[in-house]
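I have placed the structure first, in the form of structure tokens, so that the comments after it can refer back to it.
The structure presented is a predicted model; accordingly, all values stated were derived computationally and were not measured.
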Amino acid sequence: MSLRFSANVSWLFPELRALPGRLEAAAAAGFGAAEAAWPAGCPAEELRAAAERAGVRIVLLNTPPGDQEAGEMGLAAVPGRQAAFRQGLGTAVRYAKAVGCPRIHLMAGRVPLGADRAAVAGEMETTFIENLRYAAGLLAQEDMIGLVEPINNRITDPRYYLNTPHQAAAILEKVGRPNLKLQLDLFHCQIMDGNLSRNLETYFPLIGHIQIAQVPGRHEPDSPGELNFPYIFELLESLGYTGYVGCEYAPKGDTLEGLGWLRTYWESRGLQHGGTSKAAV
């Protein structure tokens with residue numbers, strides 16, 4: 001089965017300022033799905049209307065990052081911020097419900113400024129597990145999936161708490177809730193661990209969403225870099241992956257011109273522009 005791709009409109013089409021315009025651009029480029037970080041400043045009604053006009057599904061949103069001016073980037077694992085996390089989660093669930101989004105990335109957050117990672121690791125894991133169990137219950141009421149994403153601390157975010165798929169899998173096992181899954185961004189996974197084929201095979205039962213970008217530049221999949229995406233796409237197909245592949249990368253130039261890799265993928269699978277079967281048209 002061919003893969004389904006989602007345009008991350010927090011990254012793609014930066015030439016357009018507003019998310020609704022980016023959604024429409026994504027649809028025009030052939031995407032049937034879109035995702036975003038926390039859509040601050042864009043009312044849910046406006047985003048939903050734009051998605052409906054464009055014929056695009058919103059498939060993933062993040063929880064609010066917290067106080068970004070204070071350096072926060074997620075709250076789920078941050079000790080002392082449980083109340084703020086739960087408040088933000090409630091806001092995210094209401095927003096996701098309003099736009100018909102079934103998945104929420106529960107951002108773990110950063111090791112507190114000035115703290116030693118090893119010294120606070122146990123307290124942060126305990127906080128994370130407690131918050132994830134709370135989140136799983138709230139999300140289950142709305143038939144939604146919660147996702148945890150390891151983010152590399154070598155290049156992107158040195159203080160981020162959750163860094164590897166191994167760490168994420170261990171925490172998900174301790175939480176023990178079926179509606180919590182792994183969001184595996186191959187950019188971060190390659191930087192932290194490599195061994196992508198084995199990691200995809202090992203953690204496949206836990207994976208609820210995948211994101212892609214070339215390494216190390218974080219640009220288009222066919223830009224120069226370490227990852228062989230035609231092989232990775234074939235591997236995901238052979239594993240039977242039916243979720244979305246989120247395009248979370250920084251375009252090197254014009255977004256549309258940089259989507260040649262996606263048009264090539266569709267053509268190689270005998271699909272129309274937009275990923276629909278030619279036989280079905």
Side-chain angles (χ1 to χ4, degrees), residues 8-12 14 17-19 35-42 60-96 103-135 138 146-168 170-172 175 180 182-193 209 211 213 215-219 246 248-250:
N8 191 307
V9 291
S10 295
W11 287 74
L12 303 187
R17 287 187 59 192
L19 289 183
E35 60 192 66
W38 177 243
C42 183
L60 172 68
L61 295 170
N62 288 358
T63 49
D67 186 350
Q68 289 184 287
E69 291 187 5
E72 290 183 329
M73 187 54 67
L75 299 171
V78 181
R81 296 289 276 152
Q82 289 92 329
F85 167 75
R86 295 183 181 196
Q87 181 180 3
L89 175 65
T91 301
V93 167
R94 289 189 295 273
Y95 194 108
R103 298 171 196 82
I104 296 177
H105 168 205
L106 308 166
M107 298 189 71
R110 292 171 171 155
V111 174
L113 202 58
D116 177 73
R117 179 183 287 271
V120 299
E123 185 182 6
M124 292 192 75
E125 179 176 294
T126 298
T127 300
F128 200 22
I129 289 170
E130 290 175 355
N131 279 332
L132 289 177
R133 285 178 178 154
Y134 173 84
L138 188 62
L147 298 163
V148 297
E149 178 190 11
I151 294 176
N152 83 81
N153 64 347
R154 289 180 172 163
I155 297 174
T156 302
D157 197 332
R159 287 175 34 232
Y160 205 77
Y161 166 71
L162 188 66
N163 307 128
T164 69
H166 323 290
Q167 180 190 8
I171 287 171
L172 287 174
V175 174
L180 297 184
L182 174 63
Q183 179 173 319
L184 194 64
D185 187 324
L186 300 187
F187 171 80
H188 297 302
C189 189
Q190 170 69 5
I191 290 170
M192 291 303 296
D193 193 51
H209 193 74
Q211 292 175 323
V215 178
R218 209 170 189 179
H219 299 305
E248 185 175 287
Y249 60 79

query = Excluding sequence neighbours, so at least two apart, what forms ring pair (Phe, Tyr, Trp, His ring centres under 6.0 Å) with Tyr160?
reply = none
ask   = Taking the side chain from Glu125 and the backbone from Ala121, do they hold a donor-acceptor pair closer than 3.5 Å?
value = no
request  = Look only at the side chain of Asn153 and the backbone of Asn163, and say whether a donor-acceptor pair between them is shorter than 3.5 Å.
outcome  = no
message = Both conditions, 6.0 Å and 45 degrees, for the charged tip of Arg86 above the ring of Tyr134: are they met here?
response = yes
ask   = Judged by atom type as modelled, is there a donor-acceptor pair below 3.5 Å linking the side chain of Gln82 to the main-chain atoms of Gly80?
value = yes
Tyr95 vs Cys42 side-chain heavy atoms within contact, under 4.5 Å = yes
query = Counting N and O atoms only, with roles assigned by atom type, does the side chain of Arg110 sit under 3.5 Å from a partner on the main chain of Gly71, one being a donor and the other an acceptor?
reply = yes
request  = Report yes if the side chains of Val175 and Val148 come closer than 4.5 Å at any heavy-atom pair, otherwise no.
outcome  = no
ask   = What pairs with Glu248 under salt bridge (Lys or Arg N to Asp or Glu O under 4.0 Å), at least two apart in sequence or on another chain?
value = Arg218
ask   = Going by heavy atoms in the side chains, are Leu106 and Leu147 under 4.5 Å from each other?
value = no
query = Can you check whether His188's main-chain N or O pairs, donor with acceptor, with Asn152's side chain at less than 3.5 Å?
reply = no
request  = With the side chain counted from C-beta on, respond yes when Gln167 and Pro150 share a heavy-atom pair under 4.5 Å apart, and no when they do not.
outcome  = no
ask   = Is the closest basic N to carboxylate O distance between Arg103 and Glu35 below 4.0 Å?
value = no
inquiry  = Set out, in order, the CA-CA distance, both residues' side-chain angles and the distance that settles side chain to side chain donor-acceptor pair (under 3.5 Å) for His166 and Asp193, then state yes or no.
reply    = CA-CA 10 Å; His166 323 290; Asp193 193 51; 3.3 Å; yes
Contacts of type ring pair (Phe, Tyr, Trp, His ring centres under 6.0 Å), residue Trp11, not counting sequence neighbours = none
query = Between His209 (side chain) and Gln183 (backbone), is there a donor-acceptor pair under 3.5 Å?
reply = no
